[in-house]
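Accompanying notes for the structure given below.
Note that the numbering runs from 1 along the sequence shown for the chain.
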Amino acid sequence: MKSERQEKILEIIRENDIATQEELLDVLRLEGYEATQATISRDIRELRLTKIVDGGIQKYAAPEQDLHDVNERYLRVLREGYVSVDGAGNILIINTVSGMAMAVAAAIDSIGIPEIAGTIAGDDTIFCAIRDVDKMEYMKNLISSMV
């Protein structure tokens with residue numbers, strides 16, 4: 001959901017002159033995306049949007065790098081830190097290289113897998129709360145396939 005919303009943000013600022021976070025939030029809501037101002041602010045930071053002046057109009061613009069490149073960076077962190085994955089109930093347990101759990105958890109959160117409600121990271125272990133226990137095997141396979 002996060003990656004979909006961020007892709008929509010990039011589409012919106014390519015097609016419209018958006019000068020404020022409020023304008024962006026209004027257009028997102030019209031497109032069917034519910035978000036808060038704080039979420040939009042984080043998205044703007046993560047997407048590294050900047051304000052430019054174009055024809056006397058100030059508006060948001062994206063850097064040359066697209067969202068695919070951003071997600072590829074997160075996948076690279078996941079690949080470099082991943083050791084194994086297992087499950088218990090609705091908790092996906094990801095083991096990482098020592099000291100990498102927080103970075104890998106942040107990458108997983110940033111990728112925006114809708115089935116993951118949230119992550120908690122220690123030094124070398126991540127607990128991911130899965131929204132639906134019936135999706136556990138799917139999630140284990142998904143994480144394994146990403147590395």
Do [X] and [Y] come close enough that some side-chain heavy atom pair is under 4.5 Å?
{"X": "M146", "Y": "R79", "value": "no"}
{"X": "M139", "Y": "L142", "value": "yes"}
{"X": "D123", "Y": "S98", "value": "yes"}
{"X": "I108", "Y": "I94", "value": "yes"}
{"X": "K59", "Y": "K51", "value": "no"}
{"X": "Y82", "Y": "I143", "value": "yes"}
{"X": "I93", "Y": "F127", "value": "yes"}
{"X": "M136", "Y": "L92", "value": "yes"}

Handout entry: Common cluster, V104/M102, ILVMFWY with side-chain heavy-atom separation under 4.5 Å
Key =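 No.
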
Do you reckon I120 sits in the same ILVMFWY cluster as I111, going by side-chain contacts under 4.5 Å, direct or chained?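 Different hydrophobic clusters.
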
Decide yes or no on side-chain hydrogen bond (donor to acceptor under 3.5 Å, both in side chains) for D124 and T96, but give the supporting numbers first.
CA-CA 5 Å; D124 63 358; T96 69; 5.9 Å; no

Please determine if E137 and K140 form a salt bridge, counting it only when a charged side-chain N lies under 4.0 Å from a carboxylate O.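 Yes, this pair counts.
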
TODO: For the pair E31 and K8, find out whether any cationic side-chain nitrogen is under 4.0 Å from an anionic carboxylate oxygen.
DONE: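 A salt bridge is present here (some side-chain N lies under 4.0 Å from a carboxylate O).
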
Could you report the tightest heavy-atom contact between V133 and G89, atom names first, then the distance?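 Heavy-atom minimum between the residues: CG2-O, 3.2 Å.
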
Check your understanding: Does the pair Q6 and E46 meet the rule for a side-chain hydrogen bond (donor to acceptor under 3.5 Å, both in side chains), with working shown?
Key -> CA-CA 9 Å; Q6 288 184 346; E46 288 175 14; 2.9 Å; yes

request  = For a side-chain contact (heavy atoms from CB on, under 4.5 Å) with I18, tell me which candidate from L28, L49, I12 qualifies.
outcome  =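 The residue from L28, L49, I12 that satisfies side-chain contact (heavy atoms from CB on, under 4.5 Å) with I18 turns out to be I12.
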
